[in-house]
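Below: the structure, in structure tokens.
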Amino acid sequence: MSIRERIRTFIVDTFFVDEFGDDDSFLRKGLIDSTGMMELVAFVEQDFGIKLEDKELVPENLDSLTRVAAFVERKQQQRLPQAG
Amino acid sequence: MTPLRQSLSRELGGLLSRLKLRRCQEVGDSPTVLGRVWIHGAGRVHVGSRVVLDGRLAPIELHAMSSDSLIILGDDVAIEGGASLEALSSITVGPGARLGAFIKAMDNQHHPLRGNRHERPASVPMVIAEGVTVGSRAILLPGAQLQKGCTVAPGTVISRKIPAGVTVGGAPARVLRREVTG
Amino acid sequence: MTSRMPFVRVPAVLAQLEALRKTVEPRAQRAVAMVRARWLFRDVQSLGHNVAAYGPLSVHNAGEMVLGDRLTFVGGMLPSSLVCHAGALLTIGEETQFNYGVSLEAWKSVSVGARCMFASFVRLGDRDGHHTAPIVIEDDVWVAHGAIIMPGVRVGTRSVVAAGSIVTQDVPPDTLAMGNPARNMSLELVARDTGS
């Protein structure tokens, strides 16, 4: 499963929202509230083995499926050189 | 105790419980109220049969805030001390649900997170289904919807739907276990 | 012989009495609350105007307490408690509101800004088992139900501490702190602006 699909599966299973587009804003569509956003952050950290800084918890990184997937990809690439 | 004294004290306890629930619009058979309950607000509070409200540790608050607010406790509901249910729209607790000490359930946040703090956001009617267990000090925020037989671990903050038979816990909350069906 | 009852429209009179009660009662409650606050805060060095306590409070002042104007303490299930130990400074800005069961304890310094809101069962103490460090809550902060703020924390202006959070690090302005331990996320991420 791709990063995007894994995140989508988590959102659908957890928040019971099925019909939403990849670029829909979680906030403006009312898909995820603040507690839910914290759960999403915890899922992303645990499932992809990355650590999000508090200053990275902003709409530019997390407010749509596309943004979250792109952000996770960026974080994983940052991590790889250090690991290898 | 002799059978006579036993039955007498049971009758008295029942009368006292009904006295403490006098602010409720409907009360079912044989309620048990220990310690203090604080039922207030302009709305309606309905209590089912065999309900146990144990306010010995700290008072239990049932607050139906406005005139069209409604709190319904189903049959066999048990609530421990310090629990507080605040409804602006409605809070329904299903039969056999158990709410732990110092839990808080509210169907309205009362203030928006940003901007004008005096504006009131919309209420989300809360349903706590049959057989749900809520651990002590858990907080149920607007949007919480606990389905049949699910369990909320102590201290967990919930504002979403929890499917039937699931146990959630932690901060932020995550699924700790699922009931295996079949 | 038949005597006629004087013609009194009973429902109308009752409605009038009810309307009168509705206008008088809140004012009477407020007056009582202000007198109660005067009595409860009699040992406070500096008390603002129009401070109202709508229920019992436990106040213990051995240090210095500076309370602003128009504070509100709501009564309820359990009384709030304000404790200021010897040599400590506890300041609260104007128009700050406290729900029931709030616990504020100052061993060294606790400073709360103006127009803050403290929900029920919030705990704020500048000493835990290990160390003492001042707590600063800036203006317009909302601390939601059951949150605990640990020593040495500074919460920035307009920030929100979510229900049940345990705040162990500083919270910048316009931020939502949530979880145990609390993490800070931008309020723009989770809330639309509802105007000023």
Side-chain angles (χ1 to χ4, degrees), chain A residues 3-4 7-8 10-12 14-17 20-76 78-79, chain C residues 99 116-122 133 135-138 140-196:
Chain A
I3 292 173
R4 186 185 295 247
I7 298 169
R8 180 179 270 276
F10 170 78
I11 291 173
V12 171
T14 311
F15 305 111
F16 302 93
V17 287
F20 67 99
D22 286 5
D23 294 312
D24 283 353
S25 158
F26 296 144
L27 169 64
R28 275 196 295 281
K29 287 263 173 173
L31 300 170
I32 300 179
D33 66 355
S34 49
T35 359
M37 189 54 80
M38 216 67 213
E39 291 175 43
L40 177 65
V41 169
F43 165 79
V44 163
E45 287 190 332
Q46 202 171 34
D47 219 54
F48 299 101
I50 52 177
K51 181 88 189 79
L52 275 66
E53 303 294 326
D54 283 354
K55 63 177 187 296
E56 290 171 326
L57 307 182
V58 291
E60 293 73 46
N61 292 335
L62 295 169
D63 198 27
S64 73
L65 189 56
T66 307
R67 285 180 185 179
V68 179
F71 178 63
V72 169
E73 233 161 86
R74 256 197 334 273
K75 287 292 280 190
Q76 280 181 329
Q78 278 172 18
R79 202 180 52 136
Chain C
N99 211 326
C116 291
M117 300 189 298
F118 287 83
S120 38
F121 297 116
V122 168
I135 293 182
V136 180
I137 311 287
E138 292 177 5
D140 298 291
V141 169
W142 172 20
V143 187
H145 174 93
I148 299 175
I149 295 181
M150 299 294 279
V153 167
R154 182 184 197 96
V155 182
T157 179
R158 292 179 301 282
S159 283
V160 179
V161 177
S165 308
I166 298 177
V167 185
T168 55
Q169 55 172 354
D170 285 5
V171 180
D174 298 291
T175 302
L176 176 70
M178 181 187 276
N180 175 16
R183 299 187 62 176
N184 303 322
M185 62 169 127
S186 163
L187 268 177
E188 288 170 29
L189 177 60
V190 288
R192 272 182 278 191
D193 205 339
T194 58
S196 55

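Here is the naming used below: chain letters follow the sequence lines, and residue numbers restart at 1 for every chain.
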Who among A:Lys55, A:Glu60, A:Glu53, A:Arg28 has the most heavy-atom pairs with chain C under 4.5 Å? A:Arg28
Residues two or more places apart in sequence or in another chain: which of them pass side-chain contact (heavy atoms from CB on, under 4.5 Å) with A:Ser64? A:Thr66, A:Arg67
Applying a strict 4.5 Å limit to non-hydrogen atoms, the region of C:Ala191 in contact with chain A is backbone
Side chain from CB out, backbone as N, CA, C, O: work out which of these in A:Thr35 comes under 4.5 Å of a heavy atom of chain C, or both, or neither. both
State the CG-CD distance between C:Leu189 and A:Glu56, to the nearest 0.5 angstrom. 12.5 Å
Kindly write out the residues that satisfy side-chain hydrogen bond (donor to acceptor under 3.5 Å, both in side chains) with A:Asp47, not counting sequence neighbours, or none if the list is empty. A:Arg6
According to side-chain hydrogen bond (donor to acceptor under 3.5 Å, both in side chains), who are the partners of C:Thr168, at least two apart in sequence or on a separate chain? none
Mind checking which of residues 174-188 of chain C sit less than 4.5 Å from chain A, heavy atom to heavy atom? C:Leu176, C:Met178, C:Arg183, C:Asn184, C:Met185, C:Ser186, C:Glu188
Name the region of A:Leu52, side chain, backbone, both or neither, that has any atom closer than 4.5 Å to a heavy atom of chain C. both
